[in-house]
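Excluded from the calculations below are hydrogen atoms, water molecules and symmetry mates; all remaining heavy atoms, backbone and side chain alike, are included. Everything quoted here is computed from the prediction, not taken from an experiment. Order of the sequence lines fixes the chain letters, A, B, ..., with proteins taken first and strands second; residue numbering starts at 1 for each chain.
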Number of protein chains: 2
Amino acid sequence: MEAITIKDIAKALNLSTSTVSRALRDSYEINVETKRLVLEYATKMDYRPNPIAQGLKENRSRAIAVIVPEIANNFFSEAITGIEDVANAMGYDVVIFQSHESYEKEVSNVRNVVARRVDGLLISISNQTKDVSHLSDLHERGFPLVFFDRVSDDIDTYKVVADNFSGAFKATDHLLSTGKKRIAHITSSAGLYITKERLSGYKAALEKHEIPFDANLVHYCVNFGYKEMEGIIESILSVDPMPDAIFTASDRLALACFEILLTRGIRCPEDLALIGFTNLKVAHLLSPALTTVTQPAFEIGQTAVELLIDLIEKKKRMSSTFMIKLPTELVVRASSGSKVPGFGGS
Amino acid sequence: MEAITIKDIAKALNLSTSTVSRALRDSYEINVETKRLVLEYATKMDYRPNPIAQGLKENRSRAIAVIVPEIANNFFSEAITGIEDVANAMGYDVVIFQSHESYEKEVSNVRNVVARRVDGLLISISNQTKDVSHLSDLHERGFPLVFFDRVSDDIDTYKVVADNFSGAFKATDHLLSTGKKRIAHITSSAGLYITKERLSGYKAALEKHEIPFDANLVHYCVNFGYKEMEGIIESILSVDPMPDAIFTASDRLALACFEILLTRGIRCPEDLALIGFTNLKVAHLLSPALTTVTQPAFEIGQTAVELLIDLIEKKKRMSSTFMIKLPTELVVRASSGSKVPGFGGS
DNA sequence: TTGTAAGCGTTATCAT
DNA sequence: ATGATAACGCTTACAA
């Protein structure tokens, strides 16, 4: 409970607090012997500077905040691991908030972040968030801000995302290379940046294989609802000629799609190929047909926090968008036993 | 960037900082009109007290720390969501650390927690941790400490866990009730408290069904390695008579087991029943055979943090263990094997 | 009812 | 090379 302070050291060594502080901070102009003494005693007593006091003094907290929609989501939890990894190594703690896909919660989280005087904010915005004025306020006041994954078009700063274009290209190209001809594409809301990127990748692959684009094969799933997906599957299965493969644009879409296909007795890959754009670790257990394109969640987190800390420490201000796209990876399963996924209870 | 301080309010209203502080804190003896004025102005300017300064003054930080082995793990991320849920509602922020199952990292995290002057610690210890002196030190100094899930026997405080006994009982009982006779049990390290509890539940169910306990059917998986699990499966399949069901004690074990069985062309549930003790959300997609027992991760988090905040705010000190066991739930999937096809191996 | 001042732990700016 | 002191924002005796 009672942590040792610089004062205690000063008293014990008959020095002034400033001398001790200097010794600890390895300041210029200090007697080497005094320094040794202080350092020795500090180590012995396991002295740790109080970051609260330091923060008050320096007007910083040595903590950064992360706001994500949901922590219980493989992509975000991996990204956070990447964030924590780099941040801790650089002496920053990470404070995590969840918006639970609620705009109100996100705004309240941002307020909290400001009140906490964290040194910077990494955010992946909720899918309900249209108005980003709670963030542009911060940004305009010079508060270090970096987006990752779910980025906003309306604020000019660093944005770290997966390369959705090439990911979609790889996925589609893979299906076409294995002989598929008519590939349905189930994706998220038409307006989203990532949706557009993925559609472009899909189209580019079709072009490469000289297959004409058919708009009827593209399905936008807006609410991620089971009913909605059922309707989509229905129309995919009833169109003539029937598609011989499906490229889904996310974990949730891939899972919902897979589940509905299963209940209709459709087995991948004999009847229909299915490819997910996913971070789901157990995808290969669901079906060997579930070839996936994984997003580099961990690296996205690492990169984002590196940029953020750079902004913080160099007191830089971004006045234009700088988008970093990290490569995705096509994972084609072999029949050999792969490694045990990193899921698990306790 | 420039947050408004109590000083700014005082200056603007021609008051002293203490008066403003009193108005804000709804202190005794303050002119109701002055208070109104201050509150009004504070609201208008969106004043937020600086928790760093408050913390320095009150020697607290209004933050609690959580140390878990891994955040990218469904159980822990759900527990953290529960923790955050309650903590935020009570005005606390949550600072998260991962031990990555490393004893050294855990110790370093604990140091950091102390340095941060968080008000309390929730911890689920790493599976490498044998010596808990880094925690008993804290506890003895009166630092609020609550264990959840991975608890230590050596420290007397609140411990919040799933009811592993009844969970294991339900799982085993379910298998036996569906006609299985020889149930292998794959579980974690023999020394762990949860392992013992689960084994007891397993035995109790056998007893209920008047089936003798066979120690040869119990397999301890220590490293969670693929190789290790392969050996275990090997020995399960080669014993005579062969078991007709497997009860695995965690997500990771269930998945590893499932994967290896698949590569050997063993389809559940025709050839062998498999039951997981799991929080994996997609278990039902893996196989209808994967009946599961879910742990109330979210509630465990909520309960743990409630107890911790109680310790903090009442300045209570625990001097004996108080174990809270939250109920698990048996999730039996719809009629197995009928509509949903099995998975063709490889 | 309000103001003054001290103090929380640390660092920076002066002196010495 | 070292010490005294002020300051960060806030709370709280104590004074007025």
D:dC10 OP1/OP2 closer than 4.0 Å to side-chain N/O of B:Y47
yes
Would you classify A:D8 as touching base, sugar-phosphate or nothing, given that sugar-phosphate means primed atoms plus P, OP1 and OP2, and contacts are heavy atoms under 4.0 Å?
nothing
What is the distance, to the nearest angstrom, from the CD1 atom on B:I9 to the P atom on D:dG9?
13 Å
Is the closest side-chain heavy-atom distance between A:M45 and A:I9 below 4.5 Å?
no
Whole-Å distance separating the NZ atom of B:K7 from the C1' atom of C:dA5:
13 Å
Determine which pairs satisfy salt bridge (charged side-chain N to carboxylate O under 4.0 Å, His left out) with at least one residue from residues 84-103 of chain B, sequence neighbours left out, and list them in order.
A:R116-B:D93, B:E101-B:R150
Rounded to the nearest 0.5 Å, how far apart are CG of B:D149 and CG of B:L122?
12.0 Å
Whole-Å gap separating C1' (C:dA12) and CG (A:N59):
15 Å
Mapping A:T17 and B:T17 to their closest nucleotides on DNA chain C, which lands nearer the 5' end?
B:T17
Of all the choices, C:dG3, D:dT11, D:dC8, which nucleotide is nearest to the side chain of B:R25 once you look at every atom?
D:dT11
By a strict heavy-atom criterion of less than 4.0 Å, which residues belonging to residues 50-58 of chain B are in contact with DNA chain D?
B:N50, B:A53, B:Q54, B:K57, B:E58
Atom CD1 of A:I6 and atom P of C:dC8: how far apart are they, to the nearest Å?
14 Å
Got a sec, which residues hit side chain to side chain donor-acceptor pair (under 3.5 Å) with A:T321, two or more places apart in sequence or on another chain?
A:D156, A:K159
Ignoring backbone atoms, establish whether B:S16 has a side-chain N or O less than 4.0 Å from OP1 or OP2 of C:dG3.
yes
CD (A:Q302) and CG (A:L307) are apart, to the nearest 0.5 Å, by 11.5 Å
To the nearest 0.5 Å, what is the distance between CZ (A:F76) and CD1 (A:I67)?
12.0 Å
Any donor-acceptor pair under 3.5 Å between the side chain of A:R22 and the base of D:dG3?
yes
CZ of A:R60 versus P of D:dG9: gap in Å, rounded?
16 Å
Between C:dG3 (P) and B:L13 (CG): distance, integer Å
10 Å
How close or far is atom P of C:dT11 from atom CG of A:L24, stated in whole angstroms?
7 Å
To the nearest Å, how far apart are A:L15 CG and C:dT16 P?
20 Å
Consider the side chain of A:S18, meaning its heavy atoms from C-beta on, and name the nucleotide among C:dC8, C:dT11, D:dG3 that approaches it most closely.
D:dG3
Which of A:L138, A:I123, A:V132 passes side chain to side chain contact (heavy atoms under 4.5 Å, CB included) with A:I155? It is A:V132
Would you tell me if any nitrogen or oxygen in the side chain of A:T34 comes within less than 4.0 Å of OP1 or OP2 on D:dA1?
no
